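Report on the structure given below.
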Amino acid sequence: IRELTQQCHTIENDLSWAGSNLNQLARRANEAMVAGIIPAVFFTEILLPELRSVGVDVGKIRETLVETAKMVLNGKEE
């Protein structure tokens, strides 16, 4: 159980790191759009929706991990 708990914490930290990287990508892309480096249409219609989608996926994975860990630690199954 201890090893599983450590693995869950490691994975949760990695997912948090991934989410932070996505936020940084969105911020940098927005700066590039404002500076005229990338077209606004590319940012708003392609890049931003993809970043949001991946962010949602990362959040769902993280939630599933937490729920699974709780079930294992409580000895319950759904």
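Not measured: the values here are computed from a predicted model.
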Residue list, side-chain hydrogen bond (donor to acceptor under 3.5 Å, both in side chains) with Ser16, at least two apart or on another chain =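 With neighbours one apart ignored, the set is Arg62.
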Please list, one pair per line, the donor and acceptor atoms closer than 3.5 Å that link side chains of residues 21-44 to other protein atoms, with sequence neighbours excluded.
from	atom 1	to	atom 2	distance (Å)
Arg28	NH1	Glu31	OE1	3.4
Arg28	NH1	Glu31	OE2	3.4
Thr44	OG1	Ala40	O	3.0

Say you draw a straight line from [atom1] of [X] to [atom2] of [Y]; how long is it, rounded to the nearest 0.5 Å?
| X | Y | atom1 | atom2 | answer |
| --- | --- | --- | --- | --- |
| Glu3 | Thr5 | CD | OG1 | 10.0 Å |
| Thr10 | Leu65 | OG1 | CG | 10.0 Å |
| Thr68 | Leu73 | OG1 | CG | 10.5 Å |

Using salt bridge (charged side-chain N to carboxylate O under 4.0 Å, His left out) as the criterion, list what pairs up with Glu45, not counting sequence neighbours.
->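 Partners of Glu45 by the salt bridge (charged side-chain N to carboxylate O under 4.0 Å, His left out) criterion come out as none, since no residue qualifies.
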Please report the shortest heavy-atom distance between Val66 and Glu12, naming the atom on each side.
->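 For Val66 versus Glu12, the nearest heavy atoms are CG2-OE2, 4.0 Å.
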Please confirm whether the backbone N or O of Lys60 pairs with a side-chain atom of Thr64, one donor and one acceptor, at under 3.5 Å?
->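 Here the side-chain-to-backbone pair exists.
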Same apolar cluster: Trp17 and Ile61, side chain cutoff 4.5 Å |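 In one cluster with Trp17: Ile61, no.
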